[in-house]
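The structure displayed is predicted, hence computed values, not measured ones.
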Amino acid sequence: MQLIQPLDVHLLEMMTWFPSEDKLVIWSGPNFRYPFNSKSFIEDLNIKKLNSFCLVSNKHDLLAFGQYYQRLGRCHLGRLVVSPKFRGRGVASVLMQHLSELGLKALNVKECSLFVFSHNQNAIKAYEKFGFKFSEYPDEMPLENCLYMVKP
């Protein structure tokens, strides 16, 4: 498995992973248009502003997608998603490992952080398994029912 820059074909495939507005919002957070088309989906991902990567298999299957950026002195992971075809196989851990290694080094920081909705229990389990712990957010929480997690 390796991280690569997202190709248009990856983004088009990702669009099929979000068949409802609820599923999209759980993943994307606020300000992502729905219904979307290829143009709005790519624009709303902010690929030109955020470090964005796809995790692909050795056979070039799209396994997952994620982004990172600096937030409050940490490497903040965002929009983490695993292809529905590959969930439950440890792909999320591989994605987080690659993204956090790359982001910590590139941003010259020592910790990672992320947001997760409190009802997204599958994601919470994956984050805790990877070593993230719940933490108080030092500012006003940007979304209702949102939790903040940090990994040293």
Side-chain angles (χ1 to χ4, degrees), residues 1 3-57 61-72 74-103 107 111-151:
M1 290 184 242
L3 276 186
I4 64 169
Q5 296 294 309
L7 303 174
D8 287 345
V9 67
H10 297 138
L11 302 175
L12 292 173
E13 182 176 340
M14 281 176 52
M15 289 171 55
T16 68
W17 299 352
F18 308 103
S20 69
E21 187 172 11
D22 289 344
K23 290 190 185 296
L24 179 73
V25 170
I26 287 171
W27 168 69
S28 69
N31 306 319
F32 212 99
R33 291 171 276 183
Y34 189 89
F36 51 75
N37 57 40
S38 58
K39 184 176 186 283
S40 70
F41 191 84
I42 291 167
E43 285 174 359
D44 292 348
L45 276 176
N46 286 320
I47 287 182
K48 292 183 176 162
K49 293 180 184 176
L50 301 175
N51 298 291
S52 304
F53 296 92
C54 288
L55 183 68
V56 295
S57 72
D61 293 316
L62 177 59
L63 304 176
F65 174 87
Q67 299 175 310
Y68 74 80
Y69 58 95
Q70 189 163 336
R71 184 183 196 115
L72 300 173
R74 293 184 172 107
C75 173
H76 192 80
L77 305 182
R79 295 201 176 116
L80 304 176
V81 63
V82 174
S83 165
K85 293 187 272 187
F86 297 100
R87 291 181 184 157
R89 300 185 192 182
V91 172
S93 289
V94 175
L95 175 67
M96 288 184 284
Q97 184 66 42
H98 285 309
L99 280 177
S100 59
E101 284 176 4
L102 196 61
L107 301 172
E111 294 181 320
C112 289
S113 63
L114 56 78
F115 291 120
V116 63
F117 282 109
S118 59
H119 60 278
N120 193 350
Q121 291 302 308
N122 289 337
I124 291 171
K125 286 178 190 172
Y127 302 153
E128 288 179 321
K129 185 176 179 181
F130 189 69
F132 278 92
K133 306 246 185 263
F134 293 106
S135 181
E136 287 294 317
Y137 189 61
D139 203 352
E140 184 177 329
M141 189 59 82
L143 293 170
E144 191 175 321
N145 299 319
C146 192
L147 304 169
Y148 184 62
M149 298 181 83
V150 173
K151 181 181 189 298

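- Contact of the Phe132 side chain with the Cys112 side chain is registered, since non-hydrogen atoms from C-beta on lie closer than 4.5 Å.
- Counting heavy atoms from C-beta on, the side chains of Arg87 and Asn122 never come closer than 4.5 Å.
- Residues Glu128 and Ile124 form a side-chain contact, since some pair of their non-hydrogen atoms from C-beta on lies under 4.5 Å apart.
- The environment of CD in Gln121 is crowded: more than 12 heavy-atom neighbours from other residues, nucleotides or ligands sit within 6.0 Å.
- Only one option out of Leu55, Val81, Leu95 pairs with Phe65 in a side chain to side chain contact (heavy atoms under 4.5 Å, CB included); it is Val81.
- In this structure, the side chains of Phe115 and Leu143 stay at 4.5 Å or more apart for every pair of heavy atoms.
- Between Phe36 and Glu43, every side-chain heavy-atom pair lies at or beyond the 4.5 Å cut-off.
- Phe41 and Trp27 have parallel rings, their planes meeting at less than 30° on a 0 to 90° scale where 60° marks the start of perpendicular.
- Nearest heavy atom pair, residue Leu80 against residue Gln67, reads CD2-N, 4.5 Å.
- A pairwise comparison of heavy atoms in Met96 and Ala126 identifies CE-O, 3.7 Å as the closest pair.
- Counting heavy atoms from C-beta on, the side chains of His98 and Phe53 never come closer than 4.5 Å.
- Across every non-hydrogen atom of Leu147 and Phe134, the tightest pair is CD1-CE2, 3.4 Å.
- Counting heavy atoms from C-beta outward, Asp61 and Lys85 have side chains that stay 4.5 Å or more apart.
- Residue Asn37 qualifies as enclosed at atom CG: its count of foreign heavy atoms under 6.0 Å is above 12.
- Closest of all the heavy-atom pairs between Trp17 and Val82 is CZ3-C, 4.2 Å.
- Side-chain atoms of Ser113 and Val150, non-hydrogen and from C-beta on, do get closer than 4.5 Å to each other.
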